[in-house]
Amino acid sequence: MPSVLVGPYLLRGKDGGFRRILSEAGFQVIDPEGDFSLTADQLSPHLANLDALLAGGERMTPAMFDLAPKLRVVARTGVGYDLIDVAAATARNVAVSITPGTNQGSVAEQTLALILALARRIVHNNQVIHEGGWDRALVEPIRGKTLGLVGMGRIGKATAIRARAFEMKVVAFDHLDDPEFDTQYQITRLTLDELIAESDYVSLHLPLVPSSRGMVDRHFLEKMKPGSFLVNTARGGLVVEADLADALTSGRIAGAGLDVLVNEPPRADCPLLGLPNVILSPHIAGTDLESMSAMAEMAARTIVDLYRNRWPSGCIVNPEVGKEWRWGPMA
């Protein structure tokens, strides 16, 4: 009987369609004890006999792959895979998959929630009232303001649609064009420097890859429009946190809404903690009830497809392992 370990805390020990899909395909489903994201020490004891990993925030390094000689697939619930050493997986003929098209609505909603919280001073006003105050200071609206989207994949586009409903002007930077979408939603494409300089809100929607790591540094922040805001619902590693803290404390930019950080949870010395113009959420943008279910079921179906020697095109990030793919009995 093949085995699959459930990594995401929100799925461990929980019923759902993903569990039915795996069980009906003959998989033994393992729900380990552990932290919100399983540590190496918590994951390692299960790897020797593991056939598949339904992954959340687990870090898969070459050393971890070496402990899992039977492993055939790491199926991520989500679209980011920066915690997985894809080269190491490929070298060991392990497929790495993601779940495209399942959580862009959830991330877009959280992006707009952070923008609205920053603009309407939601967190500040709530705290003041609970402390006995009553602050009715006027705020700037978001209607008519410019939202700059750095990255226009599924999530960027979902955010653009919602921002247009709030009467925001939307500009975007991406290496791939989509003229039909841009015309329909009145999106203006700019260079990155143009977008940074013109946007009242800069929102990041990029994968974390070597070329994007630390892209929001002192130079990036110095180019931002005075009084503007940074929003990040992508990956914490896109931002140099010390540089962002400097820009926020100096007043160079007005505030930041961050769903992701370099270290999650943040360490006590994180320079962004305690800043009054920073709103934080615990990397939950992509995981509402609906999106979590959809991601888990797609990841489970991907595992089952691979087990039955069916190639799930569009989900695999290292397709070179599929040239001579074989795992379980032929479908």
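Because the structure is predicted, anything quoted here is derived from the model rather than measured.
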Worked verdict on Thr233 versus Thr111 for side chain to side chain donor-acceptor pair (under 3.5 Å): CA-CA 6 Å; Thr233 53; Thr111 302; 3.1 Å; yes

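- For Glu320, the CD atom counts as densely surrounded, since its 6.0 Å shell holds more than 12 non-hydrogen atoms of other residues, nucleotides or ligands.
- Other residues, nucleotides and ligands place more than 12 heavy atoms under 6.0 Å from the CG atom of Asp135.
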Show your working on side chain to side chain donor-acceptor pair (under 3.5 Å) between Glu180 and Gln184 and close with a plain yes or no. CA-CA 6 Å; Glu180 184 176 343; Gln184 181 178 358; over 6 Å; no

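- Contact check for Phe65 versus Leu71: side-chain heavy atoms found under the 4.5 Å cut-off.
- Here the NZ-CG distance, from Lys223 to Asp193, works out to 4.0 Å after rounding to the nearest 0.5 Å.
- When the shell of 6.0 Å around NZ of Lys14 is examined, it contains more than 12 heavy atoms from other residues, nucleotides or ligands.
- Under the 4.5 Å side-chain criterion, counting only non-hydrogen atoms from C-beta, Pro100 is in contact with Met298.
- Atom CD of Glu167 sits in a sparse spot, with 12 or fewer heavy atoms from other residues, nucleotides or ligands closer than 6.0 Å.
- Heavy atoms from other residues, nucleotides or ligands lying under 6.0 Å from OH of Tyr81 number 12 at most.
- Of the charged side-chain nitrogens involved, at least one lies within less than 4.0 Å of a carboxylate oxygen, so that Arg92 and Asp66 count as a salt-bridged pair.
- Of the charged side-chain nitrogens involved, at least one lies within less than 4.0 Å of a carboxylate oxygen, so that Arg19 and Asp31 count as a salt-bridged pair.
- In terms of the ring-ring contact (aromatic ring centres under 6.0 Å, His included) criterion, His130 has no residue partners (sequence neighbours excluded).
- Looking at Arg310 and Asp305, a side-chain N of the basic residue comes within less than 4.0 Å of a carboxylate O on the acidic one, giving a salt bridge.
- Hydrophobic clustering (ILVMFWY, side-chain heavy atoms < 4.5 Å, transitive): Leu147 and Ile187 are in one cluster.
- Counting heavy atoms from C-beta outward, Leu43 and Leu47 have side chains that approach closer than 4.5 Å.
- Summarising the local packing, CZ of Arg59 is surrounded by 12 or fewer heavy atoms from other residues, nucleotides or ligands at distances under 6.0 Å.
- Other residues, nucleotides and ligands contribute over 12 non-hydrogen atoms within 6.0 Å of the CZ atom of Arg252.
- Using a 4.0 Å cut-off between charged nitrogen and carboxylate oxygen, Lys225 and Asp200 count as a salt-bridge pair.
- Within a 6.0 Å radius of CD in Glu290, other residues, nucleotides and ligands contribute 12 heavy atoms or fewer.
- Cation-pi geometry between Lys157 and Phe181 is met: under 6.0 angstrom from the ring centre, within 45 degrees of the axis.
- Looking at heavy atoms from C-beta onward, Glu109 lies in side-chain contact with Arg162 at the 4.5 angstrom threshold.
- Counting only distance, with no hydrogens or angles, the side chain of Ser199 and the backbone of Leu195 share a donor-acceptor pair below 3.5 Å.
- With rounding to the nearest 0.5 Å, the separation of OG1 in Thr90 from CG in Asn318 is 3.5 Å.
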